[in-house]
Amino acid sequence: MKQNERPFDVVVVGGGIVGLSVALEAQSRGLSVAVIDPDVAEARASYGNAGVLSRGSIFPMAAPGIRSRLPRYALGRDIAVRACLSSLPFMLPWLTRFVIAAEEGAWRRAAAALNPMVAEAFDRHVAMADLVGGRQLIKRNGWLRLYRSQQAFAGSALEREVLAENGVRIDCLGEDEVRQLEPHLAHRFTNGIFFPDTGSVESPGELVELYRLAAKGRGAEFITGKADVILDAGETMALMVAGRRIEGRHVVLAAGAHSAALARPLGYRFPLAAERGYHRHFTLADGVELRRPVYDAAGGYVLSPMNGKVRLLSGVELARPDDPANTAQIEAVEPDARQTLRFTTPVEEKPWLGSRPSTPDGLPVIGRAARHPRLIFAFGHGHIGFANGPMTGAVVAGLIQGERPPVPIAAFAPARFGG
């Protein structure tokens, strides 16, 4: 700390959607806030997602039947999921727990635990966007999952059953109904599942930037850099950032896929993997329109409208966050996606890469650290971090102030990993 510099009420490590939501919620409670972040917008996972505020994203990746597909993932033979072989030794703690979690009982319990938070995702984003002048970026246009055969659609029966149990509204569509919703898609899909209560954001990076500017305008201090270490200073927690000591009465660790590394020196060993994803933007062909994000289950890709362009997103790559980029997945899905929607030239020179923090059980880590009550963890949301950042911010700010959480969070407790 600089001489005579007072501790902040809250120091947030991470300037993505979760960290900014914590900052805004803490400010709404009259708390002083500092945000530590490298300030590279494109490096944040919340910059490059599909922009889907999904009502139906309640399922962890550790699904029943996935164990038999693990060799395919490791050998790069599955278009939807691949694992970086060189990283597997470092991912063993995550992988071991992932295999244990991949059974129907745990999968159903995880869906039930995520459901209350996910149910609020759209409204929470709207409320925050209203505060910062970004409401026009959010639409309730639904989310469409597409199937190329009746057999593939029938394979979603268990998911549809669990969605119904959790009150998630869906419409099961035939070929003609898919065409009515998206007339410019190729006629290659026999069935679809439509999530009418889902919304989307046409420019996630723009919305996140509005949240950042709003926090800054309300007095948050943004400290550019990476936190080197988190220290217990008794009445405060301290962080070292580029030689500067920053103290906070509470520190919130919301550094995404890098959170586990920062927690480790304090004795917390979270099994975290990077659920990496790639995207690239393309210009749509003349007269072509995409009305909402769509997921081609067989193709392993998502197409999402983004400010008059289309964003093509690959499946999941399991790796360490700083592993070299491997664009094999996004390159593999592009020719197939061109058969679904007519688009032309890429907008960027090369694909974007982002790392999402993935826990083995598919549930975020939200709560106070067991041995450091002034430290609060808020990471591990996997592919649903962008949608559920605002609710996580409300939960964390409430924990700081001793409020009852607006949704149940017992299943997200750090203690399940010894934290």
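Since this is a predicted model, take the numbers as computed values, not measurements.
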Check your understanding: Atom CG in Leu146, atom CZ in Phe189: separation rounded to 0.5 Å?
Key -> 4.5 Å
Review point. Is Arg140 close to Leu53 at the side-chain level, that is, under 4.5 Å between some pair of heavy atoms?
Key: no
Point to revise | pair Leu207-Ile138: side-chain heavy atoms closer than 4.5 Å | key: yes
Exercise for review: Flag the pair Thr359 / Pro364 as yes when at least one side-chain heavy-atom distance between them is below 4.5 Å, and no otherwise.
Suggested key: no
Check your understanding: Yes or no on salt bridge (charged side-chain N to carboxylate O under 4.0 Å, His left out) for Lys216 and Glu209, after CA distance, side-chain angles and deciding distance?
Key -> CA-CA 10 Å; Lys216 189 173 183 179; Glu209 178 63 10; over 6 Å; no
Exercise for review: Starting at CD1 of Ile79, measure out to CD of Gln329 and round the result to the nearest 0.5 Å.
Suggested key: 6.5 Å
Point to revise | Any donor-acceptor N/O pair, Ser304 side chain to Ala50 backbone, under 3.5 Å | key: yes
Review point. Are any non-hydrogen side-chain atoms of Phe59 and Val162 less than 4.5 angstrom apart?
Key: yes
Practice item. Could you walk me through whether Glu104 and Leu158 pass side-chain contact (heavy atoms from CB on, under 4.5 Å), step by step? Key: CA-CA 10 Å; Glu104 186 175 334; Leu158 180 59; 3.9 Å; yes
Check your understanding: Can you tell me how far the CD1 atom of Ile193 sits from the OG atom of Ser156, to the nearest 0.5 Å?
Key -> 4.0 Å
Check your understanding: If we only count heavy atoms from C-beta on, is the Val168 to Asn115 side-chain gap below 4.5 Å?
Key -> yes
**Study point:** Beyond-backbone contact of Lys350 with Thr327, side-chain heavy atoms, under 4.5 angstrom
**Key:** no
Review point. Any donor-acceptor pair under 3.5 Å linking the side chain of Arg72 with the backbone of Arg77?
Key: yes
Study note, to complete from the structure: In terms of heavy-atom contacts, Leu272 and Ala257 come closest through CD2-O, 4.0 Å
Check your understanding: Is the backbone N or O of Val333 less than 3.5 Å from a side-chain atom of Asp336, with the two atoms forming a donor-acceptor pair by type?
Key -> no
**Study point:** Under 3.5 Å donor-acceptor, Ser68 side chain and Gly65 backbone
**Key:** yes
Practice item. For the residue pair Leu290 and His184, establish whether any side-chain heavy-atom pair is separated by less than 4.5 Å. Key: no
Practice item. Apply side-chain contact (heavy atoms from CB on, under 4.5 Å) to the pair Gln27 and Leu24, showing each step before the final yes or no. Key: CA-CA 5 Å; Gln27 288 176 313; Leu24 287 166; 3.8 Å; yes
Review point. Any side-chain heavy atom of Asp171 within less than 4.5 Å of one from Pro196?
Key: yes
Review point. Do Tyr278 and Glu317 have a side chain donor and acceptor closer than 3.5 Å?
Key: yes
Check your understanding: Using the benzene-type ring in the case of Trp, are the ring centres of His125 and Phe386 under 6.0 Å apart?
Key -> yes
Exercise for review: Using atom types as modelled and distance alone, determine if a side-chain donor or acceptor of Arg67 lies under 3.5 Å from a backbone N or O of Val99.
Suggested key: yes
Point to revise | From CD (Glu289) to CG (Leu341), nearest 0.5 Å | key: 10.0 Å
**Study point:** Minimum heavy-atom distance Leu353-Ala325, with the two atoms named
**Key:** CD2-CB, 3.8 Å
Revision key, fill the gap. All heavy atoms of Ala215 vs all of Ala23, minimum pair found to be CB-CB, 4.4 Å
Practice item. To the nearest 0.5 angstrom, please state how far the OG atom of Ser200 sits from the CE atom of Met306. Key: 7.5 Å
Practice item. For Arg269, look at atom CZ and say whether over 12 heavy atoms of other residues, nucleotides or ligands are found less than 6.0 Å away. Key: no
Check your understanding: Taking the side chain from Arg280 and the backbone from Glu348, do they hold a donor-acceptor pair closer than 3.5 Å?
Key -> yes
Exercise for review: Verify whether one side chain among Tyr301 and Asp296 offers a donor that lies under 3.5 Å from an acceptor in the other.
Suggested key: yes
Check your understanding: Using 30° and 60° as the class limits, which term best fits the ring planes of Phe282 and Phe343: parallel, tilted or perpendicular?
Key -> tilted
Exercise for review: Indicate the atoms forming the closest heavy-atom contact of Gly16 with Ser46, along with that distance.
Suggested key: CA-OG, 3.7 Å
Practice item. Give a yes or no on this: more than 12 heavy atoms of other residues, nucleotides or ligands lie within 6.0 Å of atom CD of Gln136. Key: yes
Check your understanding: So Met91 and Phe98, side-chain contact (heavy atoms from CB on, under 4.5 Å) or not? Walk me through it.
Key -> CA-CA 10 Å; Met91 293 169 56; Phe98 179 86; over 6 Å; no
Check your understanding: Can Arg292 be said to sit on top of Phe195's aromatic six-ring, NZ or CZ under 6.0 Å from centre and within 45° of the ring axis?
Key -> no
**Study point:** Spacing of Met240 atom CE and Ile230 atom CD1 [to the nearest 0.5 Å]
**Key:** 13.0 Å
Review point. Do Glu177 side-chain atoms and Gly174 backbone N/O form a donor-acceptor pair below 3.5 Å?
Key: yes
Review point. Would you say the side-chain atoms of Ser358 and Glu275 include a donor-acceptor pair closer than 3.5 Å?
Key: yes
Check your understanding: Of the non-hydrogen atoms in Gly48 and Arg311, which two are nearest, and what is the gap between them?
Key -> C-NH1, 3.4 Å
Review point. Is the closest basic N to carboxylate O distance between Asp39 and Arg44 below 4.0 Å?
Key: yes
Point to revise | Met237 and its side chain to side chain contact (heavy atoms under 4.5 Å, CB included) partner, picked from Val251, Ile376, Ile246 | key: Val251
Review point. Does the distance from a Lys or Arg side-chain N to an Asp or Glu carboxylate O, for Glu161 and Arg108, drop under 4.0 Å?
Key: yes
Review point. So, the side chain of Arg276 versus the backbone of Asp323: is there a donor-acceptor pair under 3.5 Å, distance only?
Key: yes
Review point. Would Asp9 and Arg29 pass as an ion pair if we require N to O under 4.0 Å?
Key: no
Exercise for review: Could you pull out the closest heavy-atom pair between Leu363 and Asp361, with the gap in Å?
Suggested key: N-OD1, 3.1 Å
Review point. Is Asn141 reaching over with its side chain to a backbone N or O of Arg291, donor-acceptor style, under 3.5 angstrom?
Key: yes
Exercise for review: On the 0 to 90° scale, with breaks at 30° and 60°, tag the His281-His279 ring pair as parallel, tilted or perpendicular.
Suggested key: perpendicular
**Study point:** Full working for side-chain contact (heavy atoms from CB on, under 4.5 Å) between Arg55 and Arg169
**Key:** CA-CA 8 Å; Arg55 177 63 186 92; Arg169 189 162 60 104; over 6 Å; no
**Study point:** Aromatic ring pairing Tyr268/Phe270, orientation class (parallel under 30°, perpendicular over 60°, tilted between)
**Key:** parallel
Review point. Taking Thr198 for the side chain and Ser54 for the main chain, is one N or O donor matched with an acceptor at less than 3.5 Å?
Key: no
